[in-house]
Amino acid sequence: MAIKSAILLAFATSVILVLVTSIDAGDIAIYWGQNSDEGTLAETCATGNYDFVNLAFLPTFGNGQTPMINLAGHCDPYSNGCTNLSSDIKSCQAQGIKVILSLGGGAGSYFLASSNDARQVAAYLWNNFLGGQSASRPFGDAILDGIDFDIEGRTNQHWDDLAKYLSGYSQRSKKVYLTAAPQCPFPDAWVGGALKTGLFDYVWVQFYNNPQCQYTDGDITNLEQAWKQWTTDVPANKIFLGLPASPEAAGSGFIPVSDLTSQVLPAIKGSAMYGGVMLWSKYYDDQTGYSSAIKNDV
């Protein structure tokens with residue numbers, strides 16, 4: 001009986017350890033699409049390093065414009081050449097990876113003129129990228145998992161309306177995940193209002209190109225204070241630490257792997273809101289191997 005009890009205890013302990021490890025483990029989100037030398041979408045997902053892939057970008061939409069995706073040299077949307085990504089998207093999803101369309105970016109002509117404009121954009125996104133139907137779906141019959149708000153200019157109005165209209169489509173066949181990539185100064189100048197809706201599942205905050213709230217040469221004070229504010233004041237499911245995957249990927253804010261794993265992650269992972277790390281971008285991650293180096297610590 002003693003041996004049997006010992007075996008049962010050992011088994012129970014191992015199960016608990018596995019559960020604790022899986023609960024504690026964070027995810028890695030990556031942006032893909034803005035460099036033709038970063039490999040295919042299928043290759044990106046096959047690395048096994050990523051849990052979310054944000055397709056960057058849909059930079060043209062709203063205010064009466066014909067929406068148009070821009071995936072750099074990966075495919076030509078003007079000749080309907082991006083429908084070939086359909087099988088890649090399905091391959092990623094079959095591996096449990098969520099594939100999300102990112103709106104906006106640092107450059108583009110996106111704008112929302114009114115609540116009605118936001119409603120029309122939401123309908124376009126639903127019919128062309130999500131669970132709706134359209135004769136001109138840019139990625140063919142692949143159904144994306146959600147929409148990312150990487151809004152870095154133009155207007156701070158009606159993004160809350162867009163989030164509400166998109167969230168309304170979640171009541172249909174499958175959930176529409178909503179994510180956002182605000183800058184770390186709080187509140188974000190562009191989507192700060194939208195984030196108050198509580199409709200966002202994952203918020204990957206850009207802790208770079210903003211010295212007042214990023215890591216600087218061994219000093220995590222500014223980042224840690226900003227992290228506490230984001231995880232306290234934003235009603236989201238999870239908050240991610242957004243970082244450049246190489247020094248060249250941003251003007252400032254790159255964190256060396258050893259500093260991230262020994263200083264930064266231990267300081268922020270205690271939060272129940274901690275979701276993991278977001279990286280810009282797949283191309284720069286290829287150059288440094290950053291995601292592979294941090295994966296076991298995230």
Side-chain angles (χ1 to χ4, degrees), residues 20-31 50-52 54 98 100 102 104 146 148-152 156 159-160 163 177-245 247 249-280 290-291 293-298:
V20 170
T21 302
S22 62
I23 290 168
D24 195 43
D27 292 328
I28 296 179
I30 194 80
Y31 279 83
Y50 314 118
D51 303 280
F52 300 87
N54 296 317
K98 289 183 171 59
I100 294 169
S102 186
D148 177 53
F149 290 47
D150 184 13
I151 306 305
E152 302 187 29
N156 62 3
W159 301 113
D160 54 343
Y177 286 89
L178 296 183
T179 69
Q183 308 284 314
C184 59
F186 188 89
D188 181 73
W190 307 106
V191 293
L195 292 173
K196 291 179 183 177
T197 62
L199 297 173
F200 287 81
D201 298 285
Y202 306 107
V203 178
W204 9 84
V205 183
Q206 298 183 43
F207 285 92
Y208 51 95
N209 293 333
N210 288 286
Q212 69 269 43
C213 49
Q214 70 189 32
Y215 170 92
T216 310
D217 299 329
D219 184 0
I220 68 168
T221 306
N222 290 348
L223 185 152
E224 193 173 10
Q225 288 178 347
W227 174 264
K228 285 177 180 174
Q229 183 154 34
W230 279 98
T231 53
T232 302
D233 296 343
V234 175
N237 183 14
K238 295 291 181 184
I239 306 290
F240 281 60
L241 178 72
L243 298 174
S252 62
F254 175 75
I255 305 178
V257 169
S258 59
D259 293 2
L260 181 73
T261 56
S262 68
Q263 297 180 53
V264 179
L265 289 178
I268 68 172
K269 285 180 71 172
S271 168
M273 294 284 285
Y274 172 79
V277 172
M278 173 275 278
L279 295 176
W280 175 270
Y290 200 85
S291 64
I294 68 171
K295 186 168 177 60
N296 291 335
D297 293 284
V298 170

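What you see is a predicted model, and the numbers here were worked out from it, not measured in a lab. Numbering starts at 1 and runs along the sequence shown.
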Heavy atoms, side chains only, cut-off 4.5 Å: are [X] and [Y] in contact?
{"X": "Val205", "Y": "Val234", "result": "no"}
{"X": "Pro211", "Y": "Thr216", "result": "no"}
{"X": "Leu241", "Y": "Leu223", "result": "yes"}

Kindly give the heavy-atom pair with the smallest separation between [X] and [Y], and that separation in Å.
{"X": "Gln214", "Y": "Ser252", "answer": "NE2-OG, 2.9 Å"}
{"X": "Gly218", "Y": "Gln263", "answer": "O-OE1, 3.3 Å"}
{"X": "Asn209", "Y": "Gly251", "answer": "OD1-N, 2.7 Å"}
{"X": "Met273", "Y": "Thr231", "answer": "CG-O, 3.4 Å"}
{"X": "Val203", "Y": "Ala236", "answer": "CG2-CB, 3.7 Å"}
{"X": "Pro244", "Y": "Ala250", "answer": "CB-CB, 3.7 Å"}

Less than 3.5 Å apart, which donor and acceptor atoms pair up between the side chains of residues 185-196 and the rest of the protein, not counting sequence neighbours?
from, atom 1, to, atom 2, distance (Å)
Asp188, OD1, Gln183, N, 2.9
Asp188, OD2, Trp190, N, 2.9
Asp188, OD2, Val191, N, 2.8

Within the side chain of [X], is there an N or O that forms a donor-acceptor pair under 3.5 Å with the backbone of [Y]?
{"X": "Thr232", "Y": "Gln229", "value": "no"}
{"X": "Gln206", "Y": "Gly242", "value": "no"}
{"X": "Asp201", "Y": "Asn237", "value": "no"}
{"X": "Lys269", "Y": "Gly26", "value": "no"}
{"X": "Glu152", "Y": "Gly104", "value": "no"}

Any chance you could measure [X], atom [atom1], to [Y], atom [atom2], to the nearest 0.5 Å?
{"X": "Ile294", "Y": "Ser258", "atom1": "CD1", "atom2": "OG", "answer": "12.5 Å"}
{"X": "Tyr290", "Y": "Ile28", "atom1": "OH", "atom2": "CD1", "answer": "9.5 Å"}
{"X": "Tyr274", "Y": "Asp27", "atom1": "OH", "atom2": "CG", "answer": "8.5 Å"}
{"X": "Phe52", "Y": "Tyr177", "atom1": "CZ", "atom2": "OH", "answer": "7.5 Å"}
{"X": "Lys295", "Y": "Tyr50", "atom1": "NZ", "atom2": "OH", "answer": "9.5 Å"}

Subject >> Working for side chain to side chain contact (heavy atoms under 4.5 Å, CB included), residues Asp148 and Trp204 >> reply: CA-CA 10 Å; Asp148 177 53; Trp204 9 84; 3.1 Å; yes
**OP:** Please step through side chain to side chain contact (heavy atoms under 4.5 Å, CB included) for the pair Ser291 and Leu279, ending with a clear verdict.
**Re:** CA-CA 8 Å; Ser291 64; Leu279 295 176; 3.8 Å; yes
**OP:** Show your working on side-chain hydrogen bond (donor to acceptor under 3.5 Å, both in side chains) between Tyr31 and Asp150 and close with a plain yes or no.
**Re:** CA-CA 11 Å; Tyr31 279 83; Asp150 184 13; 4.7 Å; no
**OP:** Take Leu265 and Val277 through the test side chain to side chain contact (heavy atoms under 4.5 Å, CB included) and record every step on the way to the result.
**Re:** CA-CA 9 Å; Leu265 289 178; Val277 172; 4.2 Å; yes
Original post:
In chain order, what residues pass the salt bridge (Lys or Arg N to Asp or Glu O under 4.0 Å) check against Asp51, with sequence neighbours excluded?
Top reply: none
Original post:
Can Phe207 and Ile255 be said to form a side chain to side chain contact (heavy atoms under 4.5 Å, CB included), step by step?
Top reply: CA-CA 10 Å; Phe207 285 92; Ile255 305 178; over 6 Å; no
Original post:
Under 6.0 Å between the ring centres of Tyr208 and Trp280?
Top reply: no
**OP:** Answer yes if the ring centres of Phe200 and Phe149 are under 6.0 angstrom apart, and no otherwise.
**Re:** yes
Original post:
Residues in side chain to side chain donor-acceptor pair (under 3.5 Å) with Asp259, at least two apart?
Top reply: Tyr215
